[in-house]
Amino acid sequence: MKYETVIGLEVHVELATKSKIFCSCSAHSYGADPNAHVCPACCGMPGMLPVVNKRVVDYGMKAGLMLNCHINRTTTFDKKSYYYPDLPAAYQTTQWFAPVAVNGLVEIETSKGKKGVRIKQIHMEEDAGKLVHDIREDTTHVDFNRTSVPLIEIVSQPDLSSAEEVEAYLERLKTLLRFAKVAECEMAHGTMRCDVNLSVRPEGSDKLGVRAEMKNMNSIEAIKRAIEYETARHIDAIENGTEVLRQETRRWDDIKGKSYAMRTKETAGDYRYFPDPNVMPVVIDDEWFDSIKASLPELPEVKRARYTDEYGLSDYDAEQLTKSIALCECFEKAYEVCGNAKDVANWIISEAMSILNVRKMTYDMLDVDGKALGELINLVSGGKVSRVNGKKILSAMFDDPHIDPAKYAESNGYVVSNDTGLIEKVVAQVIAGDPKAVSDFKGGKEKALMSLFGRCMKELKGNCDPQVLRTILIDAINAL
Ligand code: ZN
Ligand code: MN
C-alpha cells in the first residue's frame with residue numbers, strides 16, 4: 001500500500017521588540033549575567049501586574065497580515081497552567097480564546113509546484129526561562145532572563161506532506177517575517193523553534209492517522225531527518241505491527257538519528273486554559289489597524305518584478321537585491337539620489353554584499369545609509385573619486401554609518417586631482433625608472449603598459465582619472 005505523510009507545524013518565533021511582553025525588562029540578554037534582566041512581573045511574583053507591550057501587538061498584527069490572516073480586533077490573554085521550574089508563575093500567559101490572528105494562508109513553492117498552507121492561528125505568548133544543568137556539581141540553575149520574552153506561535157493546519165514542503169514553508173515564514181521586521185527567525189540563534197506534528201495514512205484517505213509530536217526542533221536538517229525517520233517508523237508499525245502507535249510527544253536525538261517517546265500527548269484540557277484576569281483585553285481600533293496595514297512592506301516577489309520592469313535590472317540583480325529588506329531599502333534610497341539603478345545594483349551586489357560576507361554578517365545586517373551610498377556613487381561616476389578609493393570609503397561607511405562620503409573623501413585625500421602637472425611629473429619619474437618596460441611596450445607588449453600604468457596610479461594614490469592618466473602616459477612614451 002502507498003502512504004502519505006501528514007504534517008502540521010507549530011512555529012515559535014521570538015519577536016524583535018526591545019522589551020519583554022508584560023514588563024519593561026530588556027528582551028535581549030545575550031551575554032548578560034543570569035537573572036540580570038528580571039523583575040517581579042516576569043518572575044511571576046504574587047501581586048505583580050502585567051502590562052501588555054503595545055509593540056508586541058503591533059508585531060503580532062503585522063505577522064498575521066503578512067500571513068493573510070484575519071485579525072481579531074478584540075484579542076485576549078489566557079493562562080495555560082503547567083508546572084515546570086523554568087516557569088515561575090506555574091502558568092504561561094498566552095492566547096487561547098481570541099488569538100491575535102486566525103485563518104491565514106501561506107503560499108509555498110517546491111519542485112512539485114505551488115501550494116497553499118492554511119494557517120490555523122497566530123497567538124502571542126511569553127517565553128519560559130532556561131534551566132542550566134551543572135554536571136560537575138550535579139545541580140540545576142534557573143535563569144529567568146528569557147521569561148516573558150515575547151513570542152508568536154504560528155500554528156498551521158496539517159497541510160504539509162514532505163520534508164521539502166516543510167523546508168519551503170519555514171523559509172517562506174522567515175522571509176515574510178524578516179521583510180516585515182518582526183523577527184530575526186534564525187533557528188541557530190533560537191529565535192525560531194519548531195514543533196513537528198506528524199502522522200501517516202493510506203494515500204487518498206481523508207482520515208488522519210495517530211499523531212506524534214516532536215518538540216523544539218532547532219535546525220532544518222534535523223527536521224528533515226526526523227520527518228523521514230518518523231514516516232518510516234509509522235509505516236513499519238502499520239504494515240508490520242512492530243509497535244502500537246500512540247498519540248505522544250517524542251524527543252528527536254539528532255546524533256543517534258532516532259526519536260524517543262517522552263510522554264503521552266496532553267490535551268488542551270490538561271492545561272486548564274482560562275482568561276487571565278490580570279491582563280486587560282486588547283481592543284484594536286481602526287486607526288491602529290490601518291496604521292499597521294500601511295506599514296507593511298512590499299512582498300519580495302513584488303519588489304523583484306518591479307526592479308526588472310521599472311528599473312530595467314537583470315533577473316539576477318533583482319534576485320540578489322531582494323535577499324533582505326535591508327538591501328532593498330539601501331538600493332531604493334541610493335537610487336533616489338543617483339538615478340542609476342544598474343550602478344547602485346553593482347555597488348550593492350559586488351561591493352556591499354562581499355563586505356558583508358567577509359565580515360560574516362547577514363544581509364539583514366546591512367547598516368549603510370542608502371542616501372550616503374547614492375552620494376558616493378555620484379562621486380565615483382562623476383570622476384571625483386576613483387573606484388578603488390570609493391570602495392575604501394564604502395568600507396569606512398560600514399564602520400561608521402554617519403560618514404558623509406564627500407567630506408570623508410576630502411579629509412582622507414581621496415579626491416581625484418585634475419592636476420595634470422602632477423600626473424606628468426609622476427609619469428616622467430616612473431618611465432625614467434623602467435626603460436625596459438618602455439621598450440617592451442614600444443616593441444608591442446601591451447602588458448608592459450599596464451605595469452607602468454599601475455605604478456603611476458599607485459604613486460598618485462588612486463586619485464586620478466584612469467583615462468587622463470592613460471593618455472598622458474602613452475603621450476609621454478611616444479614623445480621619447
Ligand atoms: Zn521583567
Ligand atoms: Mn507555545
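For ligands, and for the atoms within them, numbers begin at 1 and follow the listed sequence. These numbers were taken from a predicted model, which means no experiment stands behind them.
The pair Asp206-Arg201 fails the salt-bridge criterion, with no side-chain N (NZ, NE, NH1 or NH2) lying under 4.0 Å from an Asp/Glu carboxylate O. We find that Glu375 and Lys371 are joined by a salt bridge, their nearest charged nitrogen and carboxylate oxygen being less than 4.0 Å apart. Between Glu186 and Arg178, at least one side-chain N (NZ, or NE/NH1/NH2) sits under 4.0 Å from a carboxylate O, which counts as a salt bridge.
For the Mn ion (ligand 2), the nearby protein N/O/S atoms, meaning those under 2.8 Å, are His12 NE2, Glu125 OE2, Glu153 OE1. Inspection of the environment of the Zn ion (ligand 1) yields the following protein N, O or S atoms under 2.8 Å: Cys23 SG, Cys25 SG, Cys39 SG, Cys42 SG.
A donor and an acceptor atom, one from each side chain of Tyr307 and Glu332, are located under 3.5 Å apart. Ser259 and Arg250 share a donor-acceptor pair across their side chains, judged by distance under 3.5 Å alone.
For Phe77, the ring-ring contact (aromatic ring centres under 6.0 Å, His included) criterion is met by Phe22, not counting sequence neighbours.
Under the 6.0 Å cut-off for aromatic ring centres, Tyr271 and Trp96 do not qualify, their centroids lying 6.0 Å or more apart.
A side chain to side chain donor-acceptor pair (under 3.5 Å) with Thr94 is found for exactly one of Lys79, Lys80, Glu125, namely Glu125.
For residues 151-161, the side-chain hydrogen bond (donor to acceptor under 3.5 Å, both in side chains) pairs, not counting sequence neighbours, are His12-Glu153, Arg118-Asp159, His123-Glu153, Ser161-Glu165.
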